[in-house]
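All remarks here apply to the structure that follows.
Order of listing sets the numbers, starting from 1, for every ligand and every atom in it.
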Amino acid sequence: MNSFDENDQRNHPRADDSEFTQMANTLLSRRQWLGVTGVGMGLFLGGQRVVQAATTRSPSQAGPRMGFSPIAANTLDTVTVPAGYQWRVLASWGDVILPGGTAFDPVTRGTATSQSLSIGDNNDGMSFFSLGADHGVIAVNNEYANYEYLFAHGRCSSIEDTRKAQAAHGVSVFEVRRISGVWKLQHEARLNRRITANTEMRLSGPAAGSALLKTMADPTGTVALGTFNNCANGRTPWGTYLTCEENFNGFFGSAQSLPENAAYKRYGIGAKDAGINWHPFDGRFDLAKNPNEPHRFGWVVEIDPMDPTSTPIKRTALGRIKHENAEVVVNADGHVVVYMGDDEKGEHIYKFVSAHKFDAKNPQANRHLLDEGTLYVARFSTLEGQPHGAGEWLELTHGKNGLTAEAGFKDQAEVLVHTRLAATVVGATTMDRPEWIAAHPTQAQVYVTLTNNSDRGVKPQQALNGPNPRAKNIYGQIVRWTPQGNDHTSTSFTWDIFALAGNPVLHKDAYAGSANITPDNMFNSPDGLTFDRDGRLWIQTDGDYSNAKEFAGMGNNQMLCANPVTGEIKRFLVGPVACEITGMAFTPDQKTMFVGIQHPGEKLAPSHFPQGGDAVPRSSIIAISRRDGGMVGA
Ligand code: FEO
Ligand code: CA
Ligand code: CA
């Protein structure tokens with residue numbers, strides 16, 4: 001989510017129509033886009049322009065089957081899925097998962113203690129770990145708290161409130177079982193666990209122990225408390241869960257004025273917090289008292305969901321940014337590659353390549369793969385006006401590419417703690433808010449959602465560029481790349497735009513979107529992105545749900561399914577009022593898909609999801625299946 005993020009388009013005035021027309025005149029015409037993306041049109045794959053007619057394709061060239069009837073946009077306060085599909089609520093904010101918990105109280109919305117024994121608020125990225133055909137464990141992020149619902153009095157105004165809010169953040173881990181065909185939360189199962197903003201964690205990798213990570217409470221710079229603003233996720237082939245710290249900056253503040261600090265500024269850290277209001281009650285969040293505490297956030301955290309006593313580990317080798325997700329790929333040669341986006345306007349896309357190789361036969365050896373390796377940031381090159389091109393990965397290693405003491409980086413720890421500053425030094429491409437990254441399950445092809453960017457073409461350092469081609473980009477796009485030689489460790493790649501979201505009813509120019517965007521599937525602000533094992537690409541939105549003006553006809557936030565070969569996109573799900581759809585996971589048989597419904601009714605919008613009536617709206621995970629028992633999406 002991005003409501004802490006001042007970059008959220010919803011906080012910015014929109015350009016009027018004449019501005020749009022003017023901007024569009026400088027962009028590609030819709031006809032040009034038609035030639036690049038879409039059913040039966042040319043595709044730019046693996047660096048080669050491939051043009052095929054749909055009628056001559058073999059089944060593999062046709063891509064995965066999407067055998068459901070797409071649904072229309074709507075603004076209902078419920079979940080809508082295609083004919084032949086069903087959904088049920090699996091778990092909601094406040095559901096008890098640990099012994100001693102108390103059932104959700106709709107009047108008080110619980111205490112700090114009850115919240116620490118229950119599922120946190122605002123479920124986001126999640127993974128499913130199978131324990132057998134009808135048994136598994138779900139790890140899910142709890143990104144932030146909706147104070148308008150968490151507190152009956154609407155704000156955080158005491159230490160008790162602070163502890164309750166801190167307990168609503170982090171990660172929830174819980175077992176689920178399929179009983180008579182229905183997946184059910186297991187309330188006090190062995191693996192259930194809450195990880196909150198106060199859970200003890202270890203910092204590991206090259207920055208651990210650095211002076212920048214030391215605080216009064218932790219003079220070693222290796223022991224941190226908690227994780228928060230955990231946006232999306234990753235899952236390793238050795239069975240661990242990765243949770244990604246995103247807008248951590250907004251949790252810090254101070255009543256005192258603070259000295260100028262370029263790194264704070266780049267990360268949006270300052271005396272004014274994002275309305276979280278922890279710092280008056282918990283000195284750890286007061287920047288005047290603990291100036292290094294924010295350096296201990298903005299990391300990817302690895303959690304073992306099979307051991308509720310294990311210590312979560314912050315992997316500093318993966319860099320400190322506003323992490324969206326961490327897409328893990330095992331390269332053909334065994335190196336582990338992690339792709340990561342930094343979700344802020346004009347920030348960058350990163351990848352980590354492990355120094356050592358994944359060994360399926362030696363699970364214990366894999367436990368440290370994310371501590372040693374090379375971090376890179378992407379530079380996209382473009383032929384002017386072309387929606388495809390080449391690119392390179394620039395190494396973020398101390399002593400290389402200008403990352404020297406003279407440039408402000410004493411050692412590799414400083415490069416990692418100030419990853420964003422290092423990316424600028426090496427010349428990374430500014431992107432339109434990189435959200436999730438998803439790698440194709442069988443091909444070396446990687447997709448990223450660039451959700452929107454009101455600063456594109458407005459701020460001088462964010463001029464239009466190939467993968468970010470529209471000024472005041474209110475709709476967003478999905479860009480993909482193929483590493484050279486299908487080798488994820490290569491420093492070269494080719495890229496193209498898979499989908500440029502838009503409104504083809506209102507616009508005829510680039511704001512109409514690419515050819516695969518139609519009046520029947522249009523959406524804005526793509527965010528969640530995951531492949532299923534058959535290569536269907538699932539897209540979730542966190543956009544403007546006003547269904548008005550530039551967004552007329554798009555309805556509530558939604559989930560779509562795309563065929564990466566043909567470019568076809570079909571709407572699969574529409575969420576309830578004022579929600580974001582985020583987080584998805586499949587059971588191994590792909591007969592159940594778990595989907596996150598985050599913040600229904602945010603800012604007191606009229607939602608009572610999921611209970612209905614006059615109930616308090618609650619973020620929830622739903623389970624979707626086919627009535628005929630078939631595979632979801634097929
Ligand atoms: Fe938490 Fe970038 O969304
Ligand atoms: Ca997101
Ligand atoms: Ca978003």
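Phe572 has its ring centre less than 6.0 Å from the ring centre of Trp538. A ring-centre distance under 6.0 Å is found for Trp278 and Phe285.
For Glu324, the N, O or S atom with the smallest separation from the Ca ion (ligand 2) is OE2. For Glu246, the N, O or S atom closest to atom 1 (Fe) of ligand 1 goes by the atom name OE1. For Glu435, the N, O or S atom closest to the Ca ion (ligand 2) goes by the atom name OE1.
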(message) Checking Asp161 against Arg155 for the salt bridge (Lys or Arg N to Asp or Glu O under 4.0 Å) test, could you report, in this order, the C-alpha distance in whole Å, the side-chain angles of both residues, the deciding distance, and whether it holds?
(response) CA-CA 8 Å; Asp161 287 351; Arg155 64 199 179 91; over 6 Å; no

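If you check the side chains of Thr196 and Asn198, you find no donor sitting under 3.5 Å from an acceptor.
For residue Asp542, no N/O/S atom approaches the Ca ion (ligand 2) to within less than 3.0 Å. With 2.8 Å as the limit, Asp343 does not count as an N, O or S neighbour of atom 1 (Fe) of ligand 1. Look at Glu143 and atom 1 (Fe) of ligand 1: an N/O/S atom of the residue is under 2.8 Å from the metal. Among the atoms of Asp527, an N, O or S atom is found under 3.0 Å from the Ca ion (ligand 2).
With respect to the salt-bridge test (charged N to carboxylate O, under 4.0 angstrom), the residues Arg109 and Glu148 do not qualify.
Side-chain N or O atoms of Gln558 include one that pairs as donor or acceptor with a backbone N or O of Met554 at under 3.5 Å.
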